[in-house]
Every structure is written in C-alpha cells, then in structure tokens.
Amino acid sequence: MTAVLIIIVLLLVAIAIWQMTKIFELSQFNADDSQIATDKDNKVNGYLMFAFLVFIYLLTIFCFWEWGGVLLGIPASEHGEDIDNLMFISMVLIFTVQIITQALLHYFAFKYRGVQGRKALFYADNDRLEFIWTIIPVITLAGLILYGLFTWTSVMNVDEEEGDPIIIELYAQQFNWKARYAGNDNVLGSANVRLIDIDKNNMLGIDESDPYAEDDIVSQTEIHLPVGRKVIFKMRSQDVLHSAYMPHFRAQMNVVPGMITQFAFTPTVTTEEMRLNPDMVEKVQHINQLRADRKANGETDNIDPWEFDYVVLCNKICGSSHYNMQMKIIVETQEEFDAWIKEQQTFKQQMAAAQ
C-alpha cells in the first residue's frame, strides 16, 4: 500500500511540475500562442506516447513482482484445479492481447503523427480487415465461453445420489453464518423463517414437527468437513442477499432470500496439511511479522499471531458489518469428523433441553 501511495504522489508531483512549466511558457512575452500543433509538438507527443507505453508495462511488471505472492495458492477441492486453469487461460489471453494492442496503438500514434503537408489516407471500408478483426475475437471468445460452460457444468454437480455426499445447510443472516447437518438420515428437516423461536434457541426456524429434523445438528461456530468426501451445501438467507464465498475451495454461490441455492465440492486438503504447505507457511510468517511490527508501534487491533484456517465469507455488501461475516471451516479425516459429530447435540436434544 505504501508503494502505491508513493507512486500516486510521484505522479501528482510530475503533473504539478508540468502545469508549472505550461504557466511559465504562457507568461513569456514572445511565447508562440498558436493553437496549431507544429511538427515538433507532434514529435514530442509521439515520444510521450512511447514513454507512457513503457510506464504501463513497468507498472504491470512491478505489480506482479510486488503482489504476485498474495495469490490463494493450491486449490483445496477436486474442481479447484479446473477453476484455476480457466482463470489462467483467461489471464494469459487478456495480457497477451493487452501487450500487443497497446504496443500497436502507441507505435502507430507515433508513426502516423501529424506532419505539415502530409494528408491522411482514408479508407471508406476494408472488408478483409474488418473480417479479420471480427472473426478472431469471435473464435477466441466462443472457445473461452464454451470452455467456461463445460467447466461450470462439471463443477455444478449437486446430485445427492452420487458419492454418498454430506448434506449441509448454510444459513446466512446479518452478519453471521450457521451450519445445519442433515444427521444420520442425510435429509434436512423443513424450515421457515416464521418458525424462528429465540427462546428455544431455534435460530434457523427448523420445523419441530418434521421427523427428518430430529437428528439435524446445528453448528453456530464452525463447519467440519471430512477430506475426500463430497459435500452439498444448501443455502438460505434470512434477510438480504448474501454470497457464500469459500476462496480456497474455489467455491461461491449467492444466498438469496426466499429460495434455496446449492453448491457442491469435495475437499482434498485437510486444514493441517494446508498449514504445512510451504507457500502458506511463508504467508503466515509474513502476516505475523506485519502484526508484530504493528504491535511494536503501539497498535492494539488485530495484532495477535495468526494461524491459517479455511473460512466461508460473505462476498456481497450486505450491510455495515459485512466485512466481518465469516465462519471457520475445518477439513479433517473421516475419523476426526465422526468423533466431532458424535459430540454434537441433535435438534431434538436441543429442543428438549430448552423446555
């Protein structure tokens, strides 16, 4: 952030110097006040175009060098590699086209700069040229869109009959998440916001009369997932539009009031394994060093040492505390997951305890 501010300040200083130079030129008694650009003016502008081209290339390289390490790293789900491949191909295409078109734009701006006595050659139309610059983007975008649709179709596998999936409801409300596991029958009980009963701690509006709801398990602090097993999230919102974003799993789905949206993935890397990943170890060390520096400077907010955890975030601006709407996700072995599930109260036990 400091580097960005320095660049902005330098740009503003350069603009100020340039404006002062113009004021000085205008203040000269014999200054040429002609509004017609001379060959010298056009040549200077041509070189300035080249200078700006070099600037944007250097800025791009600097951004990759300075912030290239803040990428998420390896994906933690089966479909994550497909999403990363799609993103990589898209970015390669974007930067390739950007480099070529910007180079041509600035080169031709210099080559065909205004010269007194030279008349521009005008073409009313050129069918061959228009065909070329139309068909190439059409083929490229069509291929990219088809690949994206194929990837999305393979990712959006919410078949409850395939792979013995775990069914989890992800419930969003300003400004927190809650998770409800389907229990031994792997079927979620019915629920409605009108059935919310704060006195009984029924915060999700689960229907007490539905037998499928008796073995449901509600977690208000964290989500546990077994590695290597498919998970289907069924998402509800109590109030406004939210978006369940699980970045390391390359998963995101809008959570819409009045309807149920779904997303499925299979975790492939446990929390402990991700914590031992060299890239993640380096990032954690860097963050903790920043926090230590802030603590040394007398700051008191967010200075405790940080340990990596998967999280589900809200990726929609849903209100004043949107930035803090998150819930920890723990990916563990099947044995650890089963042990955790056994320790949890079922909805039936929860209601009995509330009476």
Side-chain angles (χ1 to χ4, degrees), residues 72-81 83 155-172 176-189 191 201 203-204 206 211-236 244-253 255 260-277 280 284 306-313 326-351 353:
L72 287 172
I74 63 170
S77 63
E78 281 189 358
H79 75 268
E81 188 172 345
I83 298 294
V155 167
M156 288 300 296
N157 178 17
V158 292
D159 186 358
E160 297 183 15
E161 303 298 325
E162 180 183 330
D164 186 28
I166 297 175
I167 309 297
I168 301 176
E169 179 184 72
L170 197 56
Y171 188 77
N176 64 73
W177 299 96
K178 293 180 177 64
R180 175 163 63 115
Y181 292 77
N184 292 328
D185 57 13
N186 214 24
V187 178
L188 288 167
N201 200 27
M203 307 299 294
L204 277 63
I206 303 172
Y212 286 118
E214 293 183 356
D215 62 348
D216 289 359
I217 295 172
V218 178
S219 176
Q220 302 188 38
T221 57
E222 57 192 24
I223 302 172
H224 286 246
L225 303 177
V227 67
R229 188 172 174 187
K230 181 178 175 182
V231 182
I232 297 179
F233 285 99
K234 296 178 179 292
M235 307 177 190
R236 284 195 300 143
Y245 178 42
M246 293 167 270
H248 293 90
F249 302 109
R250 310 303 193 261
Q252 177 172 314
M253 178 59 66
V255 188
I260 296 175
T261 55
Q262 301 183 84
F263 197 94
F265 64 84
T266 302
T268 57
V269 183
T270 67
T271 299
E272 292 300 324
E273 289 172 341
M274 184 61 81
R275 287 174 178 172
L276 297 175
N277 180 270
M280 188 56 65
V284 171
W306 176 71
E307 184 177 45
F308 169 80
D309 277 308
Y310 295 120
V311 290
V312 53
L313 306 167
Q326 57 181 281
M327 189 178 192
K328 182 167 72 171
I329 300 175
I330 299 174
V331 180
E332 56 199 359
T333 64
Q334 184 67 52
E335 293 76 16
E336 292 171 327
F337 173 78
D338 292 339
W340 178 80
I341 282 289
K342 288 180 180 179
E343 296 175 353
Q344 309 307 306
Q345 269 192 335
T346 64
F347 178 68
K348 182 178 181 180
Q349 292 170 335
Q350 177 185 319
M351 291 297 99

TODO: Mind checking salt bridge (charged side-chain N to carboxylate O under 4.0 Å, His left out) for E222 and listing every partner two or more places apart, or none if nothing turns up?
DONE: K328

- [ ] Over all heavy atoms of both residues, which pair between P247 and L72 is shortest? Give the atoms and the distance, please.
- [x] O-CD1, 3.5 Å

TODO: Please report the shortest heavy-atom distance between F249 and A76, naming the atom on each side.
DONE: CD2-O, 3.4 Å

TODO: Return yes if some donor-acceptor pair links the side-chain N/O of T266 with the main-chain N/O of G228 below 3.5 Å, else return no.
DONE: no

Open item on the list: Can you tell me how far apart OG1 (T333) and CD (E335) are? Round to the nearest 0.5 Å.
Closed with: 4.5 Å

TODO: Report the distance from atom OH of Y171 to atom CD of Q220, rounding to the nearest 0.5 Å.
DONE: 11.5 Å

TODO: Mind running side chain to side chain contact (heavy atoms under 4.5 Å, CB included) on I206 and V218 for me, showing each step along the way?
DONE: CA-CA 10 Å; I206 303 172; V218 178; 3.8 Å; yes

Open item on the list: Taking ring pair (Phe, Tyr, Trp, His ring centres under 6.0 Å) as the definition, give me every residue that meets it alongside W306, ordered by chain and number, with sequence neighbours left out.
Closed with: none

- [ ] Could I get the full list of ring pair (Phe, Tyr, Trp, His ring centres under 6.0 Å) partners for Y212, not counting sequence neighbours?
- [x] none

- [ ] Under the ring pair (Phe, Tyr, Trp, His ring centres under 6.0 Å) rule, collect the residues that match up with F308, sequence neighbours excluded.
- [x] H248, Y310

Open item on the list: For a quick test of reading the model, state the closest non-hydrogen atom pair linking A251 to F265 and the distance between them.
Closed with: CB-CD2, 4.0 Å

Task: Interatomic distance, R229 atom CZ to I166 atom CD1 [nearest 0.5 angstrom] - done: 4.0 Å

TODO: Locate the shortest heavy-atom distance separating A244 from V255; write the atom from each residue and the value.
DONE: N-CG2, 3.8 Å

Task: Sidechain-backbone polar pair: T346 side chain, D215 backbone, donor-acceptor under 3.5 Å - done: no

Open item on the list: Test of understanding: with side chain to side chain donor-acceptor pair (under 3.5 Å), list the residues that count as partners of Q334, not counting sequence neighbours.
Closed with: D338

Task: M327 and N176, any side-chain heavy atoms less than 4.5 Å apart - done: no

- [ ] Could you point out which residue of K234, R180, K178 forms a salt bridge (Lys or Arg N to Asp or Glu O under 4.0 Å) with D216?
- [x] R180

TODO: With rounding to the nearest 0.5 Å, note down the distance linking CE in M246 to CZ in F233.
DONE: 4.5 Å

Task: Q344, CD: over 12 other non-hydrogen atoms inside 6.0 angstrom - done: yes

Open item on the list: Can you tell me how far apart NZ (K342) and CD1 (I217) are? Round to the nearest 0.5 Å.
Closed with: 11.5 Å

TODO: For residues V269 and N277, determine if any side-chain heavy atom of one lies less than 4.5 Å from a side-chain heavy atom of the other.
DONE: no

Open item on the list: Contact between I74 and M274 at the side-chain level, heavy atoms closer than 4.5 Å - yes or no?
Closed with: yes

Open item on the list: With a 4.5 Å cut-off on side-chain heavy atoms, are P75 and I83 touching?
Closed with: no

TODO: Grab the two heavy atoms, one from E332 and one from H224, that are nearest each other, plus how far apart they are.
DONE: OE2-ND1, 2.8 Å

Task: N/O donor-acceptor pair under 3.5 Å between H79 side chain and R250 backbone - done: yes

Task: Minimum heavy-atom distance V312-I223, with the two atoms named - done: CG1-CD1, 4.3 Å

TODO: Determine, step by step, whether V187 and I167 satisfy the side chain to side chain contact (heavy atoms under 4.5 Å, CB included) criterion, reporting the C-alpha distance in whole Å, the side-chain angles of both residues, the deciding distance to 0.1 Å, and the verdict.
DONE: CA-CA 7 Å; V187 178; I167 309 297; over 6 Å; no

Open item on the list: Measuring from atom CE of M156 to atom CE of M253, what distance do you get when rounded to the nearest 0.5 angstrom?
Closed with: 4.0 Å

TODO: Apply salt bridge (charged side-chain N to carboxylate O under 4.0 Å, His left out) to R236 and list each qualifying residue two or more places apart in sequence or on a separate chain.
DONE: E169

Task: Backbone N/O of P165 and side chain of N186: donor-acceptor pair under 3.5 Å - done: yes

